[in-house]
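Here is the structure we will look at.
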Amino acid sequence: MTKQTNTHSASQIQAQPPLLEVKALKKYFPIQRGFFKRVVGHVKAVDGVDFYVNEGETMGLVGESGCGKTTTGRCILKAIAPSSGEIWFQDPNLGRIDVSTLEHEQLIHVRRNMRMIFQDPYASLNPRMTLLEIVGAPLRAMNLASGKELEDRVAEMLRRVGLRPEYMRRYPHAFSGGQRQRIGLARALAPQPKFLVCDEPVSALDVSVQAQILNLLQELQEEMGLTYLFVAHDLSVVAHISERVAVMYVGKMVEMATTHELFMTPKHPYTEALMSAIPRPDPTPRDKRILLTGEVANPAKPPSGCYFHPRCTYVKDICKTEEPAFDEISPGHFVKCHRAAELNLSGVMNLA
Amino acid sequence: MSKKTLQKKQLGRKTRRQIPEGQEEEFYRAGQWQLVWWKFRRHKLAQMAMVVLGILYFIAIFAEFASPHDPLRRYKQYLSFPPTAIHIRDAQGRFHTPFIYGMKMGRDPVTFRPTYEENTSIIYPIGLFVRGDPYKLWGLIPSDIHLFGVGGGDEVMPLFLMGTDTIGRDVLSRIFYGARISLSVGLIGIAISFVLGLLLGGISGFFGGVVDEIIQRVIEVITTLPTIPLFMALAAALPREWPQLRIYFATTLILSILGWTGLARTVRGRLLSMREEDFVLAAKLDGESEAAIIARYMIPGFLSYIIVSLTGSLPGMILGETSLSFLGIGLNPPTISWGVMLQDAQDIMNVAHYPWILWPVPVVVLAVLMFNFLGDGLRDAADPYVS
Amino acid sequence: MSDQVLAEIKNLHTYFYLAEGVVRAVDGVDLTIKAGRTLGIVGESGCGKSITALSLMQLVPSPGKIEEGEITYYQTIHQTESASTSNVIEITKLKPNSREMRAIRGNQISMVFQEPMAAMLPVRTVGAQIMEAIMLHQQVNKVEARERAIDILARAKLPNADRIVDTYPFQLSGGMRQRALSCNPDILIADEPTTALDVTTEAQILDLMRELQREYNMAIMYITHNLGVIAEMAQEVAVMYMGKVVEQTDVASIFRNPLHPYTQALLRSIPQLDDVMARAGQKKRLETIKGMVPDPYSVLPGCSFHPRCPQFMEGVCNEVEPAVIEVEPGHIVRCHLYASRSTKARAN
Amino acid sequence: MLAYILQRIIRVIPQLLLISILAFIIIQLPPGDIVTRQIERLQASGVTVSEAQAQALIRQYGMDRPMYQRYLLWISKIITKFDFGYSYTFEKPVAQVIMERMGYTFAIALFAHIFTWTVAIPIGIYVAVKQYSITDYIVTLVTFVGLAVPAFFLAMIIMYIALTRFGIRTGGLFSQEYMVLPWSWGKFVDLLKHMWLPIILLGTGGVAGTIRTMRAMMLDELRKQYVTVARAKGLSEFSVIVRYPARLAINPILSSVMWLLPPAVSSWRSSSTCKRPARRYTLRCGIRICIWPARIF
């Protein structure tokens, strides 16, 4: 399974449709004022995002806070309804289906195969339920198991994520952050899904626990043939776990490529700046560093043209007026930049 | 964000430390209410308050049995009689079980008010389960056994531990009977407020939009209305020919109509904040229906808050009854309540001469204080998952 | 003259007395802070790194108390432009709210906190909050203080400093707020100042701090859990675990030659970019530290890391508390593995 | 800003209408009306009232019309002519009675709050800063008891002390001799002399609660990081507390002043009724005052 996922290449993508394909996804949050809740504007949290996730791979989604990565993750499961766009999911039973159009029964059915784990291991577990109730909730609510069978499946699930089945009658307060994240993982995996949206699953954890959870995610992926969309802001973690990475900036996708390609030969100036900013546990002095000036654009009032142009060192006139397209400049490498072809940007290794 | 998590983490550990050694598994398996109870148990003052309130409610329920006299019986020869002193040592220095002396009555030559003096030659021992005024417990079970008193017939000196009022009724017995009304006005009022607050707050928080807007404005209007004039008008609207019991229920109803707004706001606030919780979103993704999310995830989450807010508003209800009845716009004689009893104290001269008619005040203070302590203890214990 | 010692912490113990038990947040820490140098303190949450910093400023929140130990501050008094004398102050002997202590706080030793939002009062302008400290420690009037506040903001590379001085904290982004807080004391304590920020903003702030350090030759005590930031910022590194410094040396040695099993495990448990890139897509597992950080109330016999240590020696590690061993000059470690290699073993 | 204020005002209009309807219904609730009263009064003074005369009176006061019509009549008069009707108790137009009293009511309510704050806020801050000290325990105990004592009883005690110790009778707001005189310095001083007692009566009731609120809010604020930051700047403990958390903790208390006014109005009424305990008719008077509009027609 691992071998197979690693050899996914651009040519195979055409042959085998991706497990998830997101097209022109938008999520605008209205800004309301006054008594009549008049809409005075929109926060364009996700503003036309295209990407795909292949079966069995881990797709990293990175970007700075407020760039819309979490919203994107939640839209995919229709946890929040997208404003527009298509979310094509290859459901094992229903076939290729646009999640954004689904309602009720079908949505519940699709959510059996698409699950989510949350960032905050404290807020995401109902403190008033035992592990049996928490992990069993999707099985019960989706009518997948009940009674003794449900208990057995919960026990099995707990064992898989490295918790003892005897803990079943305990409440979340008995567990540490790392253990709670395992519980969240057990709940997500209980209905045996294909696809998992991991929303910053390790960023609230201590370094040593973070490694345990990352390893667990990799083990489970191999055992159960899972596909991950791994949303995070920590680039080292994303690089470690993902086959491919997509970079977001102010609600838009700016670059998408395989991890190696993206980190070694970034094509978007924002990606380059991100690479350069990663603090690395290596005391060798780095001589070159790209420091961004200014602030992240306001998603309620984004700049004209390319959203990144006010901070970009390679800015040209066209960047200020025209929004670049998200083009595939080499197989599987997508960039949203007018100057992607001509620029020779530095990757992580060159910077070191 | 991570600092917050850190704090939460430490709190989690802190809670864990509360477990007695060797009972860890029991602690880990403890649900919300078990944890609340453990946390509450650490509150000594609140526990004491619970015991005191238990006694008060016991007295209220068994008022007929607990009080030494019939609260309506007038002892014409003992008008405004001061509290009887209890002795355990007689004039000769001998010890007895607690007893009281007989009384010699005189008259002040200047003011013509009666004076009382102990007649140390007659001793009436105080006994338990003595026979006295006949009564029917809850209007059903006839008996004449009282928890304590001096017993005997009319010729003995009656026991007036808190004295008598201006027309010779035993203050203590009246306080005991009054507890029945004064302590239950709160409970019934709260029960109605609870239903109203939960319902309207729930609707407001759950449906949002226009309904929410309307309910919020109505709450604002109600809180704007000055309570006492409003109450006076409403109370004046009650037909005079109504029996006391119905008046009493109407009074509690009015109190609760004015009292639900706070609770409704609490419920709405909790509901709104809870809808944003990650675990509620997780439940939605688990395929739980809206009804299940409300019943299994949200209601247990704020039930403890509701209980706390209820205990918090009970003292207000008790104080409300007392104040309104004192002003003469709540309950009126012959109903016995603490507020009604205090109507006598409206005349400051009465208070100056017979200060014992103020006994209902310390009792009200005690009851309210105990409810406040209990409420405080519950508030600290209410959400065992945060500090 | 960059090796001038500004402060020394010796055998510091700061305990918290809670109803549930005593938390030994800082349990025997020795550190030296030198002018122009950055001392990095790394550790996981609850290891006592923040409390060490707060102890240095006598700001330990109640019910915490400095139980034992000395903190010596070598105060420099600039008499004229060229001449200056040194004044030795025992910080632990000062009362937390005494005039002397307050004169040091914010002036000679200042602190930057993790949450840029929580650190500033929302109802007062940024300028007013900066001017407050200036007027407190320097004999200047309001107009001059304002000038200096604008100057500080400008040096923090905030655009339009003269405008920002009149804004309210909520009008600034996290990164801007964090800048507005920095100034030029002798010792700057930075308690995870960039943890809440994005990487690009973090890079800006780190750069700014380094620049200010060069300019004013200030000492920085940088507290973080992020080893990457430590590598960029610090010259000296102290690794803390459960209230104790388990290893301390220069930054190169910590990364190239970590000695304590905890440091080694910590380094191996974080994903390293170079390593990932070198594998070119091949997946690999991280090494983990088994178990989790024990309850802060627990007092473990012997070495506090022994239940999680891969090189645990039965009968030694769980019984005898390891002494501080100087394995090589300037590289000290608290571990029984190096008992024989000590150049000079110090009794604890 | 102007648009915002306008919007707020527009928002208030439906609420005011609702209040007026509620008020009208409440006014109508108590049994008996002005016509029956008038007839009773006339009969009591020996005049016999014929059925026709009674009918004429009923028509005159509009009692034969349905409730909504009477409401419309009532409210339209209020809006167009600021005419609230005529008070038979005071024998003056109601609007005049209200206007006369409004100033004093608000003044007393405001001063009572200022009294509450000046007593409660410093104590609240102090005990929050000295949490778990002996003072804190004592103040906490006292405030708990204070919360448990009915407000009227507190007022009674103060009045009793004022009467027996200082010989102050708590009657109206003016001495007899100033009652009818126009405004002068002497009258103002006289007003102050009479006003302090009701102010203290009203103010005391809120002290315990405000101390509790203040203490709780201060404790919340003191835990926040900006307090440590302020300390780290080297500010003195006093400035740390007064400039930072106290400022934030006081805000909600001060901004709640408008919310405190309606209860103040009603509690003023209650304390004024028990101010003359020997004369219980004042109480009935109070009831009458608040239900005048019922008899306006």
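Bear in mind the structure is a predicted one, so any value in this text is a computation, not a measurement. Below, each value reflects all heavy atoms present in this structure, side chains not excepted, and no hydrogens, waters or symmetry copies. Naming convention: chains lettered A, B, ... in sequence-line order (proteins, then strands); numbering from 1 in each chain.
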task = Could you walk me through whether C:Q204 and A:L292 pass side chain to side chain contact (heavy atoms under 4.5 Å, CB included), step by step?
result = CA-CA 7 Å; C:Q204 293 170 359; A:L292 286 179; 4.1 Å; yes
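- Rounding to the nearest 0.5 Å places CD of C:E232 at 9.0 Å from CZ of A:R280.
- With values rounded to the nearest 0.5 angstrom, A:D234 atom CG is found 7.5 Å from C:N226 atom CG.
- For C:R256, the part sitting under 4.5 Å from any heavy atom of chain A is the side chain, from C-beta outward, and nothing else.
- Shortest non-hydrogen contact noted between C:S269 and A:S208 is OG-CA, 4.3 Å.
- In this structure, the side chain of A:H240 does not engage the main chain of C:L273 through any donor-acceptor pair within 3.5 Å.
- Across every non-hydrogen atom of C:I289 and A:Q212, the tightest pair is O-NE2, 2.6 Å.
- The candidate from C:V251, C:I254, C:I230, C:L267 with the greatest count of non-hydrogen atom pairs under 4.5 Å with chain A is C:V251.
- Closest heavy-atom contact between C:T200 and A:A277: CA-CB, 3.9 Å.
- Shown here for A:D282 and C:A231, the closest heavy-atom pair between the two residues is N-CB, 3.4 Å.
- Distance CG/A:N215 to CD/C:E287: 9.5 Å, rounded to 0.5 Å.
- We find the OG-CG distance between A:S236 and C:D274 to be 9.5 Å, quoted to the nearest 0.5 Å.
- The structure places CD1 of A:I241 at 8.5 Å from CG of C:L286, a figure rounded to the nearest 0.5 Å.
- Shortest non-hydrogen contact noted between A:V207 and C:E44 is N-OE2, 3.7 Å.
- For the side chain to side chain contact (heavy atoms under 4.5 Å, CB included) criterion with A:P279, the lone passing option out of C:V199, C:L227, C:T194 is C:V199.
- Between the side chain of A:D206 and the backbone N or O of C:S45, at least one donor-acceptor pair lies under 3.5 Å.
- The two residues A:E219 and C:R285 make their nearest non-hydrogen contact at CG-NH1, 3.3 Å.
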